[in-house]
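Lettering follows sequence order; numbering is per chain, from 1.
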Number of protein chains: 2
Amino acid sequence: MATISDVARLAEVSVATVSRYLNESGYVGAKSRESIQSAIKELNYVPSEVARSLSTKQSDIIGLIIPDIKNPFFPELARAVEDTAFEYGYTVILCNSDENANKEKHYLEKLTKKYVAGIILTSIIEQENHWQKVKLPIVALDRPINSNVPTVTTNNEKGAKIATDYLIACGATNLLCISGPDTFTSSQTRVDGFNLAATHKNINTYIIESPYDFEIAEKILYDYLKNNPAIDGIFACSDASAIGALKAAHRLGICIPEDLQIVGFDGIQVGNVVTPSLTTVAQNIYQLGQTAAKLLIKQIEGHKLTQESVCIDPELIIRETTRKERFK
Amino acid sequence: MATISDVARLAEVSVATVSRYLNESGYVGAKSRESIQSAIKELNYVPSEVARSLSTKQSDIIGLIIPDIKNPFFPELARAVEDTAFEYGYTVILCNSDENANKEKHYLEKLTKKYVAGIILTSIIEQENHWQKVKLPIVALDRPINSNVPTVTTNNEKGAKIATDYLIACGATNLLCISGPDTFTSSQTRVDGFNLAATHKNINTYIIESPYDFEIAEKILYDYLKNNPAIDGIFACSDASAIGALKAAHRLGICIPEDLQIVGFDGIQVGNVVTPSLTTVAQNIYQLGQTAAKLLIKQIEGHKLTQESVCIDPELIIRETTRKERFK
DNA sequence: TTGAAAGCGGTACCAC
DNA sequence: GTGGTACCGCTTTCAA
């Protein structure tokens, strides 16, 4: 593999000049420029990013730490981050933390060692603060970690409120909210939105907790719905639990949406494939990822952030698990 | 950030000794060892992987090039690769090629510049040969690129044969095979398996092509099934097209599995969520990724490969889009 | 406009 | 056992 000095030698100039040419920093005379160009071509020269990194203490690598790429929410997010990174000439390292503080910490350290340019973090660690040791640009995605860290999230409360309002408008009066694990602030915020919309009306509300896993949710909801047949509307804090509820209702012979209406949250693809297809509050996942990446790159490149944090509105997608709106 | 010479100075030894200690190469006396340890602790020293890479021309980064992480087949694959990489101390860079030769080439180059240790490639480029310029360890995943490159694939022919045999055993006699784009050898091989199982019996066979996209497949199959009501069994070369077929049949009022049985291929999660749930030939996706990563790491670490290529058997998962087996 | 040379933070050979 | 030191390939002063 040819090096910069090979190029310099062949072009009969100094490495400094070649470097200047490469980085478009400083002057390079026309003749030098030409001979450098042909030398590069002839030697098939490709600059070493590692050497450059060592010198500049910077790289074009972005670390993306997420809980689990298998979780249907994240592929699209990762894709958005990668697309944006690609557009700006960056590259992304994928890390699955499994909601595990140690793994998260491990990756944070590992990425630091690599001089990554910055990190996008969907952290489990809201209370802890490994990230504080990291002096790199960081953006928190989906889950805020600290008010000093720029954060990109969905407007969860608003989304939950819209969903609940819609259920009520469609005639549901006994509402169940399926919350997520209480360690997720996003889940708590969605529950807040649910309460905001459902209280002070002639509505009965119930809350039950379930992990964002459709098989577990199915079990939990099977038991719950069996014992609580009055429930006629469900707002689930995730599509996964919504689909679990759908399956459970199916097994119990409950008709959807006639006897029971369901609205999910997230907008993952599967919701469109189940029968009946799922009415849901869709997060703009791609935009979340894209925004996070852009915010990070802005920081990396030393621009001032005009907005520290971004909150993206979700959108209600009406499909088949809800009836027609009756009350406006 | 502390460097190796800071450590050496504080520990009152030379950098060479610290380096030896760090890499467990060569002798380090007990006293030196101790003072180095405490110096490292005190300075909170973390070795720079970049500097090390420059010196050794090696890194612990594995490049993973896939068409699109949003494609439901790949998250699990990526996860398996990442898990295995993690286990062996490697880190993975994720690249989405979009089945685009230029993007693939770009990434191949970019990864080379970074001195990545090796590359796992799900290539679109079966005929081209960008990868030939790359002198790094490579493993081809899912799609063979060349007989010299170690390859990990599913036994597609066998899987297709099992699926088709099963359809026939369940009483289907007018079989449609939904193939994939003919640029995928995997699809061709599955069609081969289908033909192998279906010809020479009192079976009528038909073949139609569709992309691995459930919405497009739905359109194509809607038209096809409308005009060919005799079809009573479908073997789809992907779960995506199987689900498209399912949706199309649903819209046409065709009962599944009574009037029409469907078997998919891939084993993606969605198949388990649709109604009726999809009988399918499941690839062992996790194992594919894991095997590829292990094969790559073996090469990287200079071990001889005992088996150049690996072919993993898929498994028929019987769910609700097929009837009970009637003929054995 | 250009080049010499001092880093960047390690590794590894060789002499002691 | 240990240390001096010449690289690895590139960036970046600073002087010419």
A/Val152 backbone acceptor or donor facing A/Ser309 side chain under 3.5 Å | no
Q) Salt bridge between B/Arg79 and A/Asp98, side-chain N to carboxylate O under 4.0 Å? A) yes
Hey, does B/Ser32 reach any base, or is it just sugar-phosphate, or nothing, if we go heavy atoms under 4.0 Å?
sugar-phosphate
* To do: Please check the phosphate of D/dC10 (OP1 and OP2 only) for any side-chain N or O of A/Asn23 closer than 4.0 Å.
  => no
OP1 or OP2 of C/dT11 under 4.0 Å from side-chain N/O of B/Ser19: yes
Practice prompt. Indicate whether OP1 or OP2 belonging to D/dT11 is found under 4.0 Å from a side-chain N or O atom of A/Thr56.
Written response: no
**OP:** Please work out if A/Val50 contacts a base, only the sugar-phosphate, or nothing of the nucleic acid, heavy-atom cut-off 4.0 Å.
**Re:** nothing
- [ ] Identify whether any heavy atom of B/Tyr21 sits under 4.0 Å from a base atom; if not, whether one sits that close to sugar-phosphate; answer base, sugar-phosphate or nothing.
- [x] nothing
Compare side-chain N and O positions of A/Lys31 against OP1 and OP2 of C/dT2 and report whether any pair is under 4.0 Å apart. no
Has the side chain of B/Arg33 got a donor or acceptor that lies under 3.5 Å from a partner of the other kind on the base of D/dG1?
-> no
**Prompt:** Does B/Lys103 count as lying over the ring of A/Phe86, i.e. NZ or CZ under 6.0 Å from the six-ring centre, within 45 degrees of the axis?
**Reply:** yes
Taken to the nearest whole Å, CD1/B/Ile36 to P/D/dT2 is 8 Å
The residue, A/Val18 or B/Ser14, whose nearest nucleotide of DNA chain D is more 5′ is B/Ser14
Between CZ of B/Arg9 and P of C/dG10 the distance, given in whole Å, is 12 Å
Rounded to whole Å, CD1 of B/Ile4 lies from C1' of C/dG9 at a distance of 8 Å
From OH of A/Tyr115 across to P of C/dC8 the rounded distance in Å is 10 Å
From the list B/Glu99, B/Arg143, B/Glu104, side-chain contact (heavy atoms from CB on, under 4.5 Å) partner of B/Thr122 resolves to B/Arg143
Atom CZ of A/Arg20 and atom P of C/dA4 are separated, to the nearest Å, by 11 Å
Is A/Val7 touching bases, backbone alone, or none of the nucleic acid, heavy atoms closer than 4.0 Å?
nothing
Atom CD of A/Gln58 and atom P of D/dT12 are separated, to the nearest Å, by 11 Å
Here the distance between atom C1' of D/dT2 and atom CD of B/Glu12, to the nearest Å, is 14 Å
Rounded to whole Å, OH of B/Tyr27 lies from C1' of C/dC14 at a distance of 16 Å
Lys NZ or Arg CZ of A/Arg20 over A/Tyr27 ring: under 6.0 Å, within 45°: no
Does the side chain of B/Lys57 get closer than 4.0 angstrom to OP1 or OP2 of D/dG9 through an N or O atom? yes
| message | Tell me if the side-chain of B/Ser55 makes a donor-acceptor pair with the base of C/dG10, cut-off 3.5 Å, by modelled atom types. | response | yes
